[in-house]
Amino acid sequence: MRKMALLLVVMAALVLTVIYYPRYVEKPVKDGDGPLAVYISPRYTAPEFHSPLEWYQRYHKDALNRGDLIQSDCLYCHEPEKSCNNCHAYVGAAAIQP
Ligand code: HEC
Ligand code: HEC
């Protein structure tokens, strides 16, 4: 009887693990799929100051804080909802208000 109960507990634990197993979390990837995908209209070419892109993903904040460029310059090509705030929500940075 006790063995049976134990078996049931183990089975329940297994089933719950399968149901609640952490899902794959999407990342904000350029031209990726899903709601976090970063999209910039293909009619714009990447400006030189973005290069290398990995560096810019990390340090664009400093360029803005230094005043090299202002936010409205960015929004000429970037739509905040599609290529700023989806990534900002993911990393926990403040949302860009147009
Ligand atoms: C002339 C158009 C243009 C302007 C102006 C512009 N961007 Fe971009 N940006 C792009 C393009 C195009 C890409 C994609 C580049 C690529 O795929 O190599 C991009 C990519 C990025 C990325 C990386 C996105 C990712 O998922 O890797 C960040 C961050 C970014 N831009 C921030 C900014 C900021 C901040 C400004 C203002 C200071 C700005 N951009 C101004 C066109 C622009
Ligand atoms: C690929 C991801 C990504 C994209 C796309 C992106 N950012 Fe950021 N942004 C970040 C990260 C990460 C930080 C925090 C950097 C840090 O604190 O060192 C940040 C911080 C900032 C900050 C400083 C705000 C704060 O809370 O510290 C500004 C301003 C900013 N981004 C502007 C923009 C603009 C404008 C765009 C769209 C043109 C944009 N970002 C697109 C990743 C991104």
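From a predicted model like this one, the values you see are computed outputs, not experimental measurements. We count ligands from 1, going down the list as the structure has it; atoms in each ligand are counted the same way.
- In terms of protein heavy-atom proximity, atom 16 (C) of ligand 2 is nearest to Lys61 NZ, 3.4 Å.
- Between Lys27 and Leu36, the closest side-chain pair of non-hydrogen atoms is not below 4.5 Å.
- Nearest protein neighbour of atom 11 (C) of ligand 2, counting heavy atoms only, is Val91 CG2, 3.8 Å.
- Side-chain contact between Pro28 and Val91: absent, with no pair of heavy atoms (C-beta onward) separated by less than 4.5 Å.
- For Gln57, a nitrogen or oxygen atom sits less than 3.5 Å from a nitrogen or oxygen atom of ligand 1, counting backbone and side chain alike.
- The closest approach of His88 to atom 8 (Fe) of ligand 2, by N/O/S atoms, is made by NE2.
- When only non-hydrogen protein atoms are considered, atom 28 (C) of ligand 1 lies nearest to Tyr56 CD2, 4.1 Å.
- Among protein heavy atoms, the minimum distance from atom 36 (C) of ligand 1 is reached at Cys74 SG, 2.8 Å.
- To the nearest 0.5 angstrom, Asn86 atom CG is 10.5 Å from Lys82 atom NZ.
- Nearest protein neighbour of atom 18 (O) of ligand 1, counting heavy atoms only, is Leu53 CD2, 3.7 Å.
- Atoms of ligand 2 found under 4.0 Å from any heavy atom of Ala94 (numbered from 1 in listed order, with element): 26 (O).
- Given atom 3 (C) of ligand 2, the protein heavy atom at minimum distance is Cys87 SG, 2.7 Å.
- Within 4.0 Å of atom 24 (C) of ligand 2, not a single protein heavy atom is present.
- Remark: the backbone N or O of Gln97 is paired with a side-chain donor or acceptor of Gln71 at under 3.5 angstrom.
- Only the side chain of Pro47 comes within 4.0 Å of ligand 1, counting heavy atoms alone; its backbone N, CA, C and O stay farther away.
- Atom 5 (C) of ligand 1 has as its closest protein heavy atom Asp73 O, 3.3 Å.
- Nearest heavy atoms, Pro80 versus Pro98: CG-CG, 4.1 Å.
- Not one N/O/S atom of His60, from backbone or side chain, sits under 2.8 Å from atom 8 (Fe) of ligand 1.
- Each of the atoms 38 (C) of ligand 1 lies under 4.0 Å from some heavy atom of Leu69.
- Nearest protein neighbour of atom 34 (C) of ligand 2, counting heavy atoms only, is Cys84 SG, 3.5 Å.
- In this structure, Ser83 has a heavy atom closer than 4.0 Å to ligand 2.
- Judged by the shortest distance from any of its heavy atoms, Thr45 lies inside the 4.0 Å radius around the atoms of ligand 1.
- Ranking the protein heavy atoms by distance from atom 13 (C) of ligand 2 puts Ala93 CB, 4.1 Å first.
- Among the atoms of Cys77, no N, O or S atom falls under 2.8 Å of atom 8 (Fe) of ligand 1.
- Nearest to atom 17 (O) of ligand 1 among the protein's heavy atoms is Lys30 NZ, 3.3 Å.
- Looking only at protein heavy atoms, the nearest one to atom 29 (C) of ligand 2 is Leu64 CD1, 3.7 Å.
- Remark: ligand 1 and His50 share an N or O pair separated by less than 3.5 Å (distance only, no angle test).
- The closest approach between Tyr76 and ligand 1 stays at or above 4.0 Å for every heavy atom of the residue.
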